[in-house]
Protein chains: 2
Amino acid sequence: MVTKKELILKSGLELFATEGYTATSTNKIAQKAGVSESLIFRHFYNKEGLLKAIFEEGEQAFKALYSNIIEEKDPMMVVAKTIELPLDLATEHHEFWRLQFRLKWELQHMNPDKTKPLIEKLTEAFAKLNYKSPAQEARFLSCYLEGLASQTLLGGAFDEKETKAFLFSKYNLV
Amino acid sequence: MVTKKELILKSGLELFATEGYTATSTNKIAQKAGVSESLIFRHFYNKEGLLKAIFEEGEQAFKALYSNIIEEKDPMMVVAKTIELPLDLATEHHEFWRLQFRLKWELQHMNPDKTKPLIEKLTEAFAKLNYKSPAQEARFLSCYLEGLASQTLLGGAFDEKETKAFLFSKYNLV
DNA sequence: CATAAAAGTAAGTGCTCACTCACAAATTTA
DNA sequence: TAAATTTGTGAGTGAGCACTTACTTTTATG
């Protein structure tokens with residue numbers, strides 16, 4: 001059974017992700033969820049409270065995605081898994097990731113850099129693979145992934161297999 | 001002499017770029033520009049009209065920046081100039097570029113892909129330089145640049161010289 | 001210099017916003 | 001089962017929103 005609280009969270013995520021935080025009214029969220037507007041405030045105190053609750057929910061998915069890479073021992077697999085990140089991202093948790101990218105620009109304050117541990121892990125991997133400038137390589141790859149993710153989430157289609165094959169050959173993987 | 005119309009354009013750009021389009025009220029813009037709110041509507045018809053006017057102004061800078069690359073004959077210089085793009089971007093027309101990136105997420109509708117001619121030029125350059133997959137290389141580089149620009153505009157500092165040197169050696173330039 | 005056009009403003013307009021309040025129904029607990 | 005707590009709602013509330021109107025001042029023009 002799905003509670004009304006969960007319906008609000010779901011509607012909030014969808015609307016914030018597609019229309020933006022400021023542009024989405026609490027009234028619209030309530031209508032979409034099929035509940036009274038006041039219930040939003042009973043459960044989440046205010047609009048920002050709802051946003052924070054949505055964020056905390058998604059944070060789990062975030063950590064799961066990253067920890068899979070952080071815990072990897074084989075440096076080649078670290079690079080490979082990192083490259084595959086934005087390819088999955090297009091389908092899985094699509095909405096949550098759109099929200100993340102959107103809010104990075106809309107509300108700069110609630111955006112601590114979550115990619116830091118990934119970049120450190122990548123640096124370590126490139127070092128083990130004897131790259132000349134592992135830190136620069138890590139930064140380079142992470143910038144590329146951010147750009148690709150951004151384009152993907154904004155609706156730009158691309159050939160996943162071709163892109164993956166290209167990157168794997170570029171980094172001498174598998 | 002700076003006209004009141006220009007003051008509105010300037011204030012609008014600054015506020016839209018830092019706070020976002022939806023979150024910025026016409027009242028706030030008028031106060032920042034030191035004019036009456038109604039003057040905005042006299043000059044630009046409505047809020048969206050002001051945004052479009054700001055965009056058209058910035059479009060000039062955009063074209064200048066790109067045409068410098070498009071008209072370049074030497075393929076190595078094409079790649080070199082492309083790499084240098086996000087490095088200048090941090091200082092020159094900083095505010096306009098923040099607006100561009102912000103609005104790409106906030107108002108998806110007014111975002112036709114302006115990078116297409118650049119990507120085509122890059123593909124051509126990589127082909128001349130005998131890269132195996134010039135189209136993929138062009139897309140790869142443009143994604144990286146988008147990611148770097150995004151991080152730069154959001155305030156993430158980085159060593160310009162070091163990054164440039166790294167990229168130049170990666171692409172065997174100069 | 002007279003007149004028309006352009007630039008500028010103060011004071012609204014109706015509407016939507018996030019949020020509150022008083023109260024009712026459902027659920028839990030003693 | 002009675003009381004207390006939680007979950008839910010409809011009907012507001014003031015504030016801020018984009019925008020209009022009626023009017024004045026400045027500038028350009030014949």
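Fair warning: this is a prediction, and the values are worked out from it, not measured in the lab.
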Between Gln136(B) and Lys170(A): side-chain donor-acceptor atoms closer than 3.5 Å | no
What's the CZ-C1' distance between Arg42(B) and dA7(C), to the nearest Å?
-> 7 Å
Can you tell me how far P of dG8(D) sits from CZ of Phe44(A), to the nearest Å?
-> 11 Å
Donor-acceptor pair between Thr26(A) and Glu37(A) side chains, under 3.5 angstrom | yes
Grab the N/O contacts between the protein and nucleotides 26-29 of chain C below 3.5 Å, and write none if there aren't any.
none

How are the rings of Phe166(A) and Phe140(B) set relative to one another: parallel (under 30°), tilted (30 to 60°) or perpendicular (over 60°)?
-> perpendicular
Between atom CD1 in Ile29(B) and atom P in dC19(D), what is the gap in whole Å?
-> 11 Å
Separation of atom CD1 in Ile40(B) from atom P in dA18(D), rounded to whole Å | 9 Å
Which whole-number value in Å describes the distance from Leu39(B) CG to dA11(C) P?
-> 17 Å
Show me the protein contacts with nucleotides 17-19 of chain C, counting only N or O atoms at under 3.5 Å.
unit_1  : atom_1 : unit_2   : atom_2 : d
dA18(C) : OP1    : Thr24(A) : O      : 3.2
dA18(C) : OP1    : Lys47(A) : NZ     : 2.8
dA18(C) : OP2    : Thr26(A) : N      : 2.8
dA18(C) : OP2    : Thr26(A) : OG1    : 3.0
dC19(C) : OP2    : Lys47(A) : N      : 2.8

Close aromatic pair by centroid cut-off 6.0 Å: Phe41(A) and Tyr45(A) = no
Identify whether NZ of Lys or CZ of Arg in Lys164(B) sits under 6.0 Å from the centre of the six-membered ring of Phe168(B) and within 45° of that ring's axis.
-> yes
Here the gap from Leu129(A) atom CG to Tyr171(A) atom OH, rounded to the nearest 0.5 Å, amounts to 11.0 Å
Rounded to whole angstroms, how far apart are NZ on Lys4(B) and P on dT25(D)?
-> 14 Å
Reckon Lys5(A) has a side-chain N or O less than 4.0 Å from the OP1 or OP2 of dG8(D)?
-> no
Whether Phe55(A) and Phe96(A) hold their rings parallel, tilted or perpendicular, with breakpoints at 30° and 60° | perpendicular
Out of curiosity, Glu95(B) CD to Lys10(B) NZ, how far, rounded to the nearest 0.5 Å?
-> 9.0 Å
If we only count heavy atoms from C-beta on, is the Leu85(A) to Ile69(A) side-chain gap below 4.5 Å?
-> yes
Separation of dT9(D) atom C1' from Gln31(A) atom CD, nearest Å, is 15 Å
Using a cut-off of strictly less than 4.0 Å, decide whether His43(A) has a side-chain nitrogen or oxygen near OP1 or OP2 of dT6(D).
-> no
